[in-house]
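Here's the structure, in structure tokens; my notes come after.
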Amino acid sequence: MYSKEIDEKWQRIWEDKKPFRAEDFSNKEKFYALIEFPYPSGVGLHVGHARAFMGMEAICRKKRLQGYNVLYPIGFDAFGLPTENYAMKTGIHPRKVTDDNIANFTKQLKSIGFSFDYDRVVDTTTPEYFKWTQWIFLKLFEKGLAYKEKTYVNYCPKCRVILANEESQGGKCDRCDSQVIQKEKEVWMLKITEYADKLLEGLNEVDFMPRVRIEQENWIGKSSGAQIKFNIKDTDRFIEVFTTRPDTIFGVTYMALAPEHPILDELKDKISNFDELVEYRNKANQKTEFERVELAKDKTGVLVKGIEVVHPITGELVPVWITDYVMMGYGTGSIMAVPAHDTRDYEFAKKFGINIKPVIAWDHLDVNNPPREGKQNTDRQAVVVLVKHWSEDKYICLKWKKQTWIDLITGGIEEGEDPILAAIREVKEETGYINIKSASYLPFEHIDRFFAAHKDVNRVVYQKNIVIELENGDCQETSQDEKDQYDILWLTKEEMLEQINIDSHTYFFEVYLKDGEPWLKDGILVNSGFLNGLDVENAKKVAIEYLEKNNIGVAKNNYHMKDWAFARQRYWGEPVPIVKCDDCGLVPLKENDLPLTLPDVDNFIPGEDGESPLAKIDSWVNTVCPCCGKPAKRETDTMPQWAGSSWYFLRYIDPKNSEALADKDKLKYWLSVDWYNGGMEHVTRHLIYSRFWHRFLYDIGVVPTKEPYAKRTTQGLILGPDGEKMSKSRGNVVNPDDIINEYGADTLRTYILFIGEYSQSAPWSDNGVKGAKKFLDRVMRLDAKAADEDIRSSMLDRELNMVIKKVTLDIEDMKYNTAIAAMMSYVNVLYKEEKVSKVYIKPLLQILNPIAPHVTEELWEKLGFEGHVFESVWPKYDESKLELDQIELAVQINGTVRFKLVVDSSLDEASIEQIVRNDERLKQYLVEKAIKKVIVIKSRIVNVVIG
RNA sequence: GCGGGUGUGGCGAAAUUGGCAGACGCGUCAGUCUUAGAAGCUGAUACCAACCGGUGUGUAGGUUCAAGUCCUAUCACCCGCACCA
């Protein structure tokens, strides 16, 4: 029986012999495996950690047996709020808390038997480590990538800290889930946006799981378009907008500014309703992010009275609005609004009665009556008219007598004629109704392309869609000519949708029923001067060329990602190595003055108003300027938690170096990290940050690779037994210590990998744990069946080679669950034997060793194999042993399996077909039926098609 | 709204990429061992009819000799982003 004593025995041996130590510059092929180092919280290790680490653990143990020089390090990301909060509550110094927690974590990690190289442990809170975190910060400062700025930042009132965008996703604090507010504060920022393109491009040279890559791309959120200037009438000022749709510039009917837009204050004197704007701005600022997004589906805004902008191409005057659907934090904080082709602008224009000008027409090819090759093309301007009944909810359709058409009224626009008047004229001519109550455009245009049989030409008709309401039923007689051509029908909505058989007319009616909607798809530019006739893609290009040539605008990319608010108003973090001098400004410390350590204090409570506790410690704050020597003050904010973790994988390579963050040659030997496994939750935080720092370090020649991680995978969550996310409040947390104490470390290890697909979340099951234990006990009991004699059987040879192959491939693919299932099956096969030669047991212990190292070492020793499993060589499989002499084929009749057939595996398709055709069992299915076809898929299946 | 994912027995899940659906494990049932229990060992276990057979991978269609797998719609749930201009 497998018990905890076995764990302890082998853990002592590993401690002693250190078989998992990585060797710098070894001739063996290197393999650098990384897991996200844990935050050593007081709660201790979680089963989630165990799952996260077990994936790489199994791979590393296997790789070592396969002859690789494996670096599998561990460390602790130990700066952070929980430790500090605990210190505040208990009065115990965070240093002490951290050390205790790390000791506890280490004990737990070792009790699971992880094969980390414990000689390389790093702790981000030691001065030896954070000296280099500060050093990197100074480099960033030197290159202008760290700057201090007063802006609106995310602030968590509960934690009393500034949060980066990445830490306040969805408007909630990452740590405590409270609503984040916007606070104006001067903070350190890192210019990660300058690296946006490099971070995007870098994704091309690495192998990240698709969803990891996609999430990073989305987070960076690149969009290309143009930045365009709109001059403000009667001033020398202009408003700049960013747009991804420069092609729609002729459709601009208003400008929309964020309420905070600075131009408003600058032109205060010209604005007649400034007070109203300020009131609106204040109201907008009071809303939380959540309210602004979720509750404000209804658009609001205020017209800016007194200023207008000039359309840079047409010279038309365009009104200016402020609205909170435009964000100061994205683009230029102002947009050119094109209601006809943008949903939000459309809603806004509808609500405030602003003109909607379509500039992209649906290019509609009539599939029933397409243009013909070799026929003349004629262009035509036309109207399509929807006529609404004066009292009922009915509409006019024309049912043509000689054609199959049922459609709306259409007609050409005569030279110089107003389309609305043309529509009215057509209605009178074609229906006789004379009293028009209203006529208006539906802000949507389309182009019909068809062959006009009666004129023998191809027509390209530019259609404007017009809605006419009748005042009453007064009607004139229409001409006989018209009467001969069609009947007039009054149809209900439903009948309209059902009967109209011209696509574009149906679409027109649908849009009408929705009270209009913007056209967002591709199409042909209309009403757009020199852009007319182009499609959207080309129009963008031509528009940008024009803008650049005329100095109106430039091509421009924008990013969703914002600069990184790099400051915490807390004690337990890396001090920012900058001094504020009245004369010299912000002055960096000299490199040999690093590390700048934290003062030893016993009050860690942050100030009410987002002040760091360090600010209160005069003896620390007051210093001299490294530049001029006059009295100066230290920066009192500390770095955020993500600082230390942004480069820790470099320190593992050379953890004790005091001259550099790591030795250049060692970096060259070990980088890149070959495989990094971690959680999805870090994809838009740590993973982005560390790629940014690494790329920066590459750019300044510190590291040899552009990208830190060659491959990135993720593990799924372990949910509680109730299928819910594990949490203290739900009381569904499983403590790994309990499992180890009761069932042993290998049981935990095996169960965690057997639980389901590695990247998918899976619920915990206590019974499943027992199943894993049962399997390991069955393995342990194999010693009772073990025979020294070398007795072989081809069946066992095949089974053994199969399982070696399966496990070898599956572990590499992180398909641990099926690897374990295969080994279970193999053990089941061995159990059917009275006695099993040791040659069938030895390789099993090796392939099971990465997952259950304690059990396999123990049995290895018990069966008297030489040395230890960790000193052995991973078994090879022999493909030729996998083949069977005889195979069983399923015979299907019309796709349903009817019987099985055992044949020599050497037979070819034709002979198998003959055997099947002659099989007695086939006869009963052939009553009144004949064989039509026989499909033989060698070594798979035979399908007999009869009928 | 956009992006990604998932849907298969009582449960966790497999399925060589189009070729015998449900491997392996849990649970359940039966047998065996035992004074007895636990553990162990052996076997059964998708559903309906229980004789031939029929039905089954969220739902509805389609392609194919053959579909969990491919195509077209559609529903449900989960995750991420979100007035992104």
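Letters A, B, ... mirror the listed sequences (proteins, then strands); counts begin at 1. Keep in mind the model is a prediction, meaning the values are calculated, not measured.
- Annotation: B:U45 and B:C52 have their C1' atoms spaced 23 Å apart (nearest Å).
- Taking a cutoff of 4.0 Å between a charged side-chain nitrogen and a carboxylate oxygen, A:K351 and A:E347 do not qualify as a salt bridge.
- Taking only side-chain nitrogens and oxygens, A:K806 never comes nearer than 4.0 Å to OP1 or OP2 of B:U16.
- By the rule that a glycosidic angle within 90° of 0 means syn, B:G9 counts as syn.
- Of all nucleotides present, none satisfies the Watson-Crick or G-U wobble test against B:A66 with each distance under 3.5 Å.
- The gap from the C1' atom of B:C71 to that of B:A85 amounts to 36 Å, rounded to the nearest Å.
- The backbone N or O of A:I946 sits less than 3.5 Å from a side-chain atom of A:N894, completing a donor-acceptor pair.
- Candidate nucleotides B:G25, B:C41, B:A85 were compared by shortest atom distance to the side chain of A:T243, and B:A85 ranks first.
- Nucleic acid contact class of A:Y831 (heavy atoms, under 4.0 Å, all strands): sugar-phosphate only.
- A cation-pi arrangement is absent between A:K222 and A:Y559, since the terminal nitrogen or guanidinium carbon is not both under 6.0 Å from the aromatic centre and inside a 45° cone about the axis.
- Across B:U28 and B:U72, the matching P atoms stand 45 Å from one another, rounded to whole Å.
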Protein N or O to nucleotides 64-68 of chain B N or O, pairs below 3.5 Å:
unit_1	atom_1	unit_2	atom_2	d
B:C65	O2'	A:N943	ND2	3.0
B:C65	O2	A:N943	ND2	2.8

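- Judged by Watson-Crick or G-U wobble contacts below 3.5 Å, the nucleotide B:C51 has no partner.
- In terms of phosphate contacts, A:R213 brings no side-chain nitrogen or oxygen within less than 4.0 Å of OP1 or OP2 of B:G4.
- Using N1 to N3 plus N6-O4 or O6-N4 for Watson-Crick, or N1-O2 and O6-N3 for G-U wobble, each under 3.5 Å, B:A82 pairs with nothing.
- The glycosidic torsion of B:U17 lies within 90° of 0, placing the base in the syn range.
- Nucleotides B:U63 and B:G80 place their P atoms 40 Å apart, quoted to the nearest Å.
- At B:G25, none of the side-chain N or O atoms of A:N817 fall inside 4.0 Å of OP1 or OP2 (strictly under the cut-off).
- Of the side-chain N and O atoms in A:R898, one or more sit less than 4.0 angstrom from OP1 or OP2 of B:G54.
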At under 4.0 Å between heavy atoms, which parts of nucleotides 44-51 of chain B does protein reach? Answer with one letter per nucleotide, 5' to 3': B base, S sugar-phosphate only, - none. --------
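- A perpendicular orientation is assigned to the rings of A:H686 and A:H682, their planes being inclined by more than 60° (bins at 30° and 60°).
- One N or O on the side chain of A:R281 and one on the backbone of A:P259 form a donor-acceptor pair closer than 3.5 Å.
- Nucleic acid contact for A:E757: sugar-phosphate only, since backbone atoms but no base atoms lie under 4.0 Å from a heavy atom of the residue.
- A salt bridge between A:E879 and A:K805 is present, with a side-chain N of the basic residue lying under 4.0 Å from a carboxylate O of the acidic one.
- Under the 3.5 Å distance criterion, with hydrogens and angles disregarded, a donor-acceptor pair is assigned to the side chains of A:D345 and A:Y325.
- Nucleotides B:C48 and B:U16 are separated by 29 Å at their P atoms, to the nearest Å.
- In this structure B:G9 sits in no base pair that meets the Watson-Crick or G-U test at under 3.5 Å.
- As the counterpart of B:U59, B:A73 is assigned, both hydrogen-bonding distances of the Watson-Crick or G-U wobble pattern falling under 3.5 Å.
- A donor and an acceptor atom, one from each side chain of A:T193 and A:D563, are located under 3.5 Å apart.
- A close approach under 4.0 Å does not occur between any side-chain nitrogen or oxygen of A:N218 and OP1 or OP2 of B:G3.
- Pair assignment for B:U42 gives B:A30, based on Watson-Crick or G-U wobble hydrogen-bonding distances that are each under 3.5 Å.
- For the pair A:S761 and B:C79, the criterion of a side-chain N or O lying under 4.0 Å from OP1 or OP2 is not met.
- For the pair A:K785 and A:Y831, the cation sits on the ring face: its NZ or CZ lies under 6.0 Å from the ring centre, inside 45° of the axis.
- Going from the C1' atom of B:G9 to that of B:C29 covers 16 Å, rounded to whole Å.
- Between A:W321 and A:F348, the ring planes lie perpendicular to each other; the angle is over 60°, past the 30° to 60° tilted range.
- B:U6 sits 15 Å from B:U69 when the C1' atoms are compared, rounded to a whole Å.
- At a cut-off of 3.5 angstrom, counting only N and O atoms as typed in the model, there is no donor on one side facing an acceptor on the other between the side-chain of A:K770 and the base of B:C26.
- Of the side-chain N and O atoms in A:R344, one or more sit less than 4.0 angstrom from OP1 or OP2 of B:C84.
- Of the listed nucleotides (B:G4, B:C83, B:G12), B:G12 has the atom at the smallest distance from the side chain of A:P763.
- Between B:G18 and A:R940, no contact under 4.0 Å exists linking OP1 or OP2 to a side-chain N or O.
- B:A49 and B:G10 are spaced 15 Å apart, taking the P atom of each and rounding to whole Å.
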